[in-house]
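Here is the structure we will look at.
Side-chain atoms are counted along with the backbone in the values below, which use heavy atoms only and exclude waters and symmetry mates. In each ligand, atom 1 is the first atom listed, and ligand 1 is the first ligand listed.
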Amino acid sequence: MSTPVRVTVTGAAGQIGYALLFRIASGQMFGPDTPVRLQLLEITPALEAVEGVAMELEDGAFPLLAGIDISDDAEKAFDGANVGCLVGAKPRGPGMERADLLKDNGKIFTGQGRAIAASAASDIKIAVVGNPANTNALIAASNADGVPTDRFTAMVRLDENRAKSQLAKKAGEPVSAVTNLAVWGNHSPTMVPDFDNAQITGRPVTEVITDKDWLEGEFLTTVQQRGKAIIDARGSSSAASAASALVDHVANWCGGRPTPDGDWVSMAVPSDGSYGVPEGLISGFPVTTDGQGGYEIVQGLELSEFTQNKLQGTIDELQQEKSAVEDML
Ligand code: NAX
């Protein structure tokens, strides 16, 4: 057996944590031959709850689970970590403005950025889920002196998976037939699922689904509003699907499951200026991954005027979020 991958999961006692940890322990994130050590970070009042989750993990008797550490101290939780899943964040409370949420959660990510720089392994890779995910990733990256910025990513994979499943349903095809689906921009209702470049059974989506009004209307709004629809139906926010998307994100990036040839996946990564996204913003892009920690933004895609306009809207939002937290960068 190889050396265990050390995975820090923040917000480990939360809903997503509960759906995520068992998937990691069972080998779905890093493959069936890679042991994992889980390093769980929670706030002090949630430590007892996280102890309970750890007991259940033990009771799973997972052959790949090499150990579990629990802490409310970020430096300890990131000690020697190879991968960080930054899930923990405060939910938006009643009457709370988005700007307040940005500031409140921003403070969490300045501290965790510093802790990552201080104690994580030199190959650390970070996937941020806690909202507002893109801007939180930017804050963490800005506070992690000495850690290359391209190690900080945010999750838009749930949006990709949601978009794929809507297209598959409409086309009457299995979801595996939908490929090359990028989600551009922010993980928020301004996100842009790119049907211009996506394919179904190897053909352009726009050839298979000729109902342009549906693509530009219902499809887009269903994907953008899916989180709210789930809260309305379930009474709490998406958790298992978010955990599943995070498994996909990390597995493709550094868990030994590279992007298949000719396909791409969506990750929010620091922009290099591609497609007019200002350099440094952490934005959803189509990327190819090697499964070993490398990724590249796919170049040369053509965007329709419709998609280009939507992309500008989500970029504007990312820039506004960045301005609101400028003092934390
Ligand atoms: P929960 O409220 O169930 O869990 C959050 C956990 O984070 C709690 O246990 C809390 O104690 C912990 N926490 C708070 N501050 C912390 C800190 N400083 N250090 C460590 N832990 C801390 O929320 P859950 O449903 O698990 O969602 C977690 C985050 O994911 C939320 O911000 C949510 O908005 C976000 N989401 C992001 C998605 C994405 O696609 N990027 C989709 C799903 C989800 O909505």
Inset, instruction - Taking all non-hydrogen atoms of both residues into account, name the closest pair between Asn131 and His187 and its distance. - result: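 Heavy atoms of Asn131 and His187 come nearest at OD1-CD2, 3.1 Å.
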Legend entry - Residues lining ligand 1 [heavy-atom distance under 4.0 Å, listed by chain and residue number]: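 Under the 4.0 Å cut-off, ligand 1 touches Gly11, Ala13, Gly14, Gln15, Ile16, Leu41, Glu42, Ile43, Val87, Gly88, Ala89, Ile108, Gln112, Val129, Gly130, Asn131, Met155, Leu158, His187, Ser237, Ser238, Ala242.
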Side-chain atoms of residues 43-60: list all donor-acceptor pairs with protein atoms under 3.5 Å, sequence neighbours left out, distances to 0.1 Å.
unit_1	atom_1	unit_2	atom_2	d
Thr44	OG1	Asp72	OD2	2.9
Glu56	OE1	Tyr18	OH	3.3
Glu56	OE2	Tyr18	OH	2.7

Legend entry - Salt-bridge present (Asp69, Lys76; N to O < 4.0 Å):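 Here Asp69 does not pair with Lys76 in a salt bridge, since their nearest N and O are not under 4.0 Å apart.
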Legend entry - Charged N-O contact under 4.0 Å between Asp150 and Lys125: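 A salt bridge is absent here (no side-chain N lies under 4.0 Å from a carboxylate O).
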Inset, instruction - Kindly write out the residues that satisfy side-chain contact (heavy atoms from CB on, under 4.5 Å) with Thr289, not counting sequence neighbours, or none if the list is empty. - result: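 Thr289 satisfies side-chain contact (heavy atoms from CB on, under 4.5 Å) with Asn252, Thr259, Val265, Met267, Val287, Tyr295 only.
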Legend entry - For Trp184, side chain to side chain donor-acceptor pair (under 3.5 Å) partners two or more places apart: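 Only Asp194 meet the side chain to side chain donor-acceptor pair (under 3.5 Å) criterion with Trp184.
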